[in-house]
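The model shown is predicted, which means the values in this text are computed figures rather than measured ones. Along the sequence shown, residues carry numbers from 1.
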Amino acid sequence: GSLVMRYDSRLDHELDAKFIPRWEGPFQVVRRHKNGTFEIRELTGEPVEGRVNGYRLKPFYPRQ
């Protein structure tokens, strides 16, 4: 699967989180569902609980 980063929306409403990274990852896409959600897993192979909506993901490109 493709490598993606996941947006952490919990930090949107915290005023003191200015310099905390809002993107977590990278993760590997396991499966895409018809409703636009994705199943992802850690690079170690451990699955992430639940599905993630596609608007919270962006492609991850490793440095060369």
Side-chain angles (χ1 to χ4, degrees):
S2 302
L3 296 179
V4 294
M5 300 286 285
R6 178 179 63 185
Y7 186 73
D8 186 6
S9 59
R10 293 176 294 170
L11 299 174
D12 284 349
H13 302 290
E14 293 190 27
L15 299 176
D16 59 347
K18 185 173 183 177
F19 296 108
I20 297 175
R22 287 174 167 38
W23 292 93
E24 302 172 327
F27 298 95
Q28 187 176 26
V29 174
V30 177
R31 184 174 174 200
R32 182 183 188 276
H33 296 274
K34 290 182 180 181
N35 62 357
T37 60
F38 292 80
E39 291 180 29
I40 59 175
R41 68 177 172 205
E42 301 277 351
L43 294 181
T44 59
E46 181 180 340
V48 175
E49 187 174 330
R51 295 180 183 175
V52 180
N53 199 313
Y55 78 89
R56 294 184 58 213
L57 299 175
K58 72 177 179 179
F60 174 76
Y61 302 104
R63 294 184 177 172
Q64 299 294 331

> If you measure from CG on D8 to CZ on R22, what distance do you get to the nearest 0.5 Å?
Replying inline: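 It is 8.5 Å, given to the nearest 0.5 Å.
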>> Rounded at 0.5 Å granularity, tell me how far CG in L43 sits from CG in L3.
In response: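 Reported to 0.5 Å precision, the distance equals 6.0 Å.
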Do [X] and [Y] have side chains that approach each other closer than 4.5 Å (heavy atoms only, starting at C-beta)?
{"X": "N35", "Y": "N53", "value": "no"}
{"X": "M5", "Y": "E24", "value": "no"}
{"X": "V4", "Y": "I40", "value": "yes"}

> Run the side chain to side chain contact (heavy atoms under 4.5 Å, CB included) check on E39 and H33 step by step: do they pass?
Replying inline: CA-CA 8 Å; E39 291 180 29; H33 296 274; 2.7 Å; yes
> Got a salt bridge between E49 and R41, using NZ or NE/NH1/NH2 to carboxylate O under 4.0 Å?
Replying inline: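 Salt bridge: no.
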> For E46, which residues count as a side-chain contact (heavy atoms from CB on, under 4.5 Å) partner, sequence neighbours excluded?
Replying inline: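 Counting only residues at least two positions away or on another chain, E46 forms a side-chain contact (heavy atoms from CB on, under 4.5 Å) with E42, T44.
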Which donor-acceptor pairs under 3.5 Å do the side chains of residues 55-64 make with protein atoms, sequence neighbours left out?
{"residue": "R56", "atom": "NE", "partner": "Y7", "partner atom": "O", "Å": "3.3"}
{"residue": "R56", "atom": "NH2", "partner": "Y7", "partner atom": "O", "Å": "2.7"}

>> As a quick check of understanding, evaluate side chain to side chain contact (heavy atoms under 4.5 Å, CB included) for F27 and R6, giving each step before the final call.
In response: CA-CA 8 Å; F27 298 95; R6 178 179 63 185; 3.7 Å; yes
